[in-house]
Amino acid sequence: METLTVLVVDDEPDILNSLRRLLRSEAYQSLFARSGKEAFHFLESESIHVIITDLGMPDMDGLALLKEVEQKYPETIRLVLSGLHDSDSILDAINRGNVYRYILKPWDDMELELIVRQAIDLFSLQQERRDLLKELEEHNRLLEKRVEERTRQLLAIEREAEIGKYASQIVHNLNNPLQGIHGGLDIADLMMSDDNPDLKNLRKCLQIAKMGALDLKKIIAGILIHARKKDLHRTEQIDINEILKRELGFFKLDPVYKYKVEKHVDLSDNLPQISGNPIQIKQLIDNLVKNAIDAMENSPEKRLTVETRLEDKTVAIRISDTGEGIAEEDLARIFSPDFTTKPIGKGTGLGLASVKTMVEAYSGDIQVESSKGEGTTFTVRMPVDRSVFRDER
Ligand SMILES: Nc1ncnc2c1ncn2[C@@H]1O[C@H](COP(=O)(O)OP(=O)(O)OP(=O)(O)O)[C@@H](O)[C@H]1O
Ligand SMILES: [Mg+2]
């Protein structure tokens, strides 16, 4: 620790001499000034931690000196050593000079030594407190900076997760038409092994594969457009019944669907068109129908019901199955992108999450009713353009 310095100011050389002798062996350094002017000379060139001054001096009144010290060097501890014994002078000095102690002349050596040591200790304590405060401020500043930094990182992570979620939904939706292509080509391949293949059926298979390829193309175009944030604005008038019929036709590639599932299709014939992106509606139907077929895998009775209705100025699509149903506690989780009860490779859990995101983008809604062991019904409602109902009023 640095050596602390005491400055003694008195115009009487005798007093300075005896104080010099008295304070010589102390742990702090002592300096001696014979006038206010000399005192300032020291104050400007050295660090003074404690100042002890006489009051009546020819060039500068001790109180004026203390006032100035208080202003310029507020950390310095101020003491008075004076022959003025009347209480007014003492009080005045203490109040106006804001001094720590007032020592009377003639002084008691031991008492003076003790008081100066206390003043030195006081300075050290106050200095320590100032250092601690400074350190605390520095810590706070660093902490604020770290919080800021962490917040920025978290926001970046969240953004990335959002992008990741979107990317995996895209991949999921690419998978369905790909399966159509695959299925169509597989069967075509099988037919080709026949010496005399049925060209009509072969063309049908290739047609199915071609439709899948076209869907892929449209999805990719949709992604590119979405990337330019125009996706949902680029809409057309869609006939949901038409899309449903076509999609259910595709499911016939699946032998379970074709031979084992009993199908009830009841499409309303007064269904208004809705404006939207047909490829998104197609994905929605694919996901719900595929889930229904999967759910009935082990059910003795496999019945799929597909309905469309005009209900409360919305187009309602209802897809019911007689499958395994959904446990009550899972109902709240099925729309989450990481919820699946299917084995790895069979299900990703993204299907319903992507359906929900899409339906909500159309300001529509999706509801589910299910009882374990009996079956499930999903109802999607898409708002119909208000213009359709204009004639009613
Ligand atoms: N019709 C249904 N009947 C019973 N359970 C269902 C039905 N539809 C969805 N579920 C349950 O919800 C879960 C999540 O469905 P979601 O479509 O989001 O993902 P997935 O079907 O598991 O995977 P992927 O869609 O990628 O094939 C399913 O794993 C299943 O447990
Ligand atoms: Mg699914």
Side-chain angles (χ1 to χ4, degrees), residues 168-225 236 238-267 276-299 302-308 317 319-323 342-348 350-352 354-355 358 378:
S168 41
Q169 285 179 4
I170 289 168
V171 170
H172 180 265
N173 288 330
L174 288 175
N175 216 24
N176 289 341
L178 201 60
Q179 273 170 3
I181 298 174
H182 213 253
L185 292 179
D186 259 359
I187 297 174
D189 199 25
L190 210 70
M191 287 173 147
M192 294 290 280
S193 59
D194 196 327
D195 285 343
N196 195 8
D198 177 346
L199 283 184
K200 207 173 139 212
N201 277 337
L202 193 61
R203 184 164 299 127
K204 226 188 228 166
C205 291
L206 291 179
Q207 198 62 28
I208 285 172
K210 195 174 159 191
M211 297 256 245
L214 279 177
D215 280 347
L216 273 187
K217 205 173 150 192
K218 281 193 208 161
I219 292 174
I220 290 166
I223 294 164
L224 294 178
I225 288 163
E236 53 189 84
I238 320 173
D239 183 339
I240 293 210
N241 284 344
E242 274 312 306
I243 299 183
L244 263 170
K245 274 186 236 162
R246 199 183 131 204
E247 287 318 302
L248 293 176
F250 276 141
F251 273 98
K252 290 199 182 120
L253 280 173
D254 176 353
V256 175
Y257 177 83
K258 189 167 180 183
Y259 300 113
K260 303 226 165 117
V261 175
E262 184 190 327
K263 286 144 306 241
H264 291 267
V265 182
D266 179 5
L267 306 179
N277 188 329
I279 212 77
Q280 292 179 322
I281 305 296
K282 183 190 133 36
Q283 284 163 8
L284 176 154
I285 294 164
D286 271 357
N287 277 309
L288 294 180
V289 173
K290 193 167 166 296
N291 280 349
I293 298 172
D294 286 349
M296 295 190 287
E297 194 180 346
N298 300 314
S299 310
K302 302 187 203 307
R303 194 171 62 245
L304 175 80
T305 309
V306 178
E307 278 178 9
T308 52
I317 309 164
I319 297 176
S320 310
D321 63 65
T322 51
K342 296 173 189 170
I344 295 172
K346 182 134 178 36
T348 60
L350 289 165
L352 288 177
S354 114
V355 166
M358 195 219 95
F378 279 92

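- The closest side-chain heavy-atom distance from Phe378 to Ile317 is not below 4.5 Å.
- Considering CD1 of Ile281 and CG of Asp286, their distance stands at 12.0 Å, rounded to 0.5 Å.
- The CG atom of Leu185 lies 12.5 Å from the CG atom of Leu190; values are rounded to the nearest 0.5 Å.
- Heavy atoms from other residues, nucleotides or ligands lying under 6.0 Å from NZ of Lys260 number 12 at most.
- Residues Leu206 and Ala188 come closest through the heavy atom pair CD2-CB, 4.2 Å.
- Contact of the Cys205 side chain with the Met191 side chain is registered, since non-hydrogen atoms from C-beta on lie closer than 4.5 Å.
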Working for side-chain contact (heavy atoms from CB on, under 4.5 Å), residues Leu352 and Leu288: CA-CA 8 Å; Leu352 288 177; Leu288 294 180; 3.6 Å; yes

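- Taking CD of Glu307 as the start and OG of Ser320 as the end, the distance is 6.5 Å to the nearest 0.5 Å.
- Minimum interatomic distance between Leu216 and Pro177 (heavy atoms only, all atoms of both residues): CD2-CG, 3.8 Å.
- Of the possible donor and acceptor atoms, none in the side chain of Thr308 sits under 3.5 Å from a partner among the backbone N and O of Asn241.
- Residue pairs satisfying the side-chain hydrogen bond (donor to acceptor under 3.5 Å, both in side chains) criterion with at least one member in residues 247-258, sequence neighbours excluded, are listed as follows: Glu247-Lys282.
- The side chain to side chain donor-acceptor pair (under 3.5 Å) search around Ser299 returns none, not counting sequence neighbours.
- The shortest non-hydrogen separation linking Ser354 to Asn173 is OG-ND2, 3.5 Å.
- The number of heavy atoms from other shown groups lying within 6.0 Å of NZ (Lys263) is above 12.
- To the nearest 0.5 angstrom, Ile319 atom CD1 is 7.5 Å from Leu248 atom CG.
- Distance check, rounded to the nearest 0.5 Å: NZ of Lys290 to CD of Gln179 gives 6.0 Å.
- With contacts defined as side-chain heavy-atom distances shorter than 4.5 Å, the pair Asn287/His172 qualifies.
- Annotation: Arg246, atom CZ; neighbour count of heavy atoms from other residues, nucleotides and ligands within 6.0 Å is above 12.
- Under the 4.5 Å side-chain criterion, counting only non-hydrogen atoms from C-beta, Leu304 is in contact with Met296.
- Evaluation of the side-chain hydrogen bond (donor to acceptor under 3.5 Å, both in side chains) test over residues 182-197, restricted to residues two or more places apart or in two chains, returns none.
- To the nearest 0.5 angstrom, Ile285 atom CD1 is 12.0 Å from Phe250 atom CZ.
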